[in-house]
Amino acid sequence: MSACVGERRRVVAGLLLTGLTAMGCAVPADDAPSGSSSATATRTTAPATSRPAATLSPSPGPSAGPASEPPAAPPDAPPVPTAPAPSTAGGLTESDIAVPDGWSPTARPGSLDDGFLGNGTWVHATSPAHSAFAAISLGCTDLRSYPQPAAALEGTLTKADGAAGVGLALEFADAAEAQAYFAEWVRQAEACLGTVTQRLALTPDTWVGRRNLDTVWSETVGVRGTRVSLLIVDDPDSDLAGVLG
């Protein structure tokens, strides 16, 4: 397992999302946004070798995109937090973050290194541009342009054994923009099949599968009206089908 993939697991709890590209894993390091990921979490259960990761391996580097369509550029890093993050964002509230069975919403204190300061709840607003880019940059193919969300809200979860989970809701100007973002996210995930991702189900509005982040995480992403919801948990056996509603 490459060092980059190992770093992915360490930061994915803050979010799959913010952490992956902040560590330079999905885009060249010179192009990755500076700044820190969100909350991290330490797992105290079995080591990675006990997880069924054999069918997934690290992703290849990004391929070149069509000459007529330059790859999307990463956004500037979000500003350094100076106050607790809001617990809502745009029209998004904690009810927009999916919580699967067996997982509990968990407030985290946050820090400057985490990229947010906690507000006493399990959800916090994030930079929409940065979260959207980090979530969609899986790194297996060129990243095409995509609509920018107007708001982003992240939630942190834990399981009884200490495993971490993260949810993200992105709010777009209209349903067409949300659908376009989802379509590009699916294109990125499908390009990683057999390396970083494994698809379990795909419908016009929902992707369910697994992702290799040193251990195998369960993941689902879906579009619901003007909102795109993303959820990933450090457990290869979590059933996320239907959890997005």
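Remember, it's a predicted structure, so these values are computed and weren't measured experimentally. The figures that follow rest on heavy atoms only: side chains count, while hydrogens, waters and symmetry mates do not.
Here Thr88 pairs with Thr93 under the side chain to side chain contact (heavy atoms under 4.5 Å, CB included) rule; sequence neighbours left out. With sequence neighbours excluded, the residues that form a side chain to side chain contact (heavy atoms under 4.5 Å, CB included) with Val99 are Pro105, Trp122, Leu157. Listed by chain and residue number, Thr203 satisfy the side chain to side chain donor-acceptor pair (under 3.5 Å) test with Asp205 (two or more places apart in sequence, or in another chain). Partners of Tyr181 by ring pair (Phe, Tyr, Trp, His ring centres under 6.0 Å), not counting sequence neighbours, listed by chain and number: Tyr146, Phe172. With sequence neighbours left out, the side chain to side chain donor-acceptor pair (under 3.5 Å) criterion links Thr106 to Thr158. By the side chain to side chain donor-acceptor pair (under 3.5 Å) test, Ser229 pairs with Arg227, sequence neighbours left out. Every side chain to side chain donor-acceptor pair (under 3.5 Å) that Glu184 has, sequence neighbours left out, goes to Arg187, Gln188.
In this structure, Glu219 does not pair ionically with Arg210, as no charged nitrogen and carboxylate oxygen lie closer than 4.0 Å.
For the ring-ring contact (aromatic ring centres under 6.0 Å, His included) condition, no pair includes a residue of residues 186-206, sequence neighbours left out. Within the structure, no pair that satisfies the side-chain hydrogen bond (donor to acceptor under 3.5 Å, both in side chains) test touches residues 162-180, not counting sequence neighbours. The list of salt bridge (Lys or Arg N to Asp or Glu O under 4.0 Å) pairs with a residue in residues 115-124, not counting sequence neighbours, is empty. Applying the ring-ring contact (aromatic ring centres under 6.0 Å, His included) test to pairs two or more places apart or on separate chains, none has a residue in residues 224-245. Listed by first and then second residue, the ring-ring contact (aromatic ring centres under 6.0 Å, His included) pairs involving residues 86-114 amount to none (not counting sequence neighbours).
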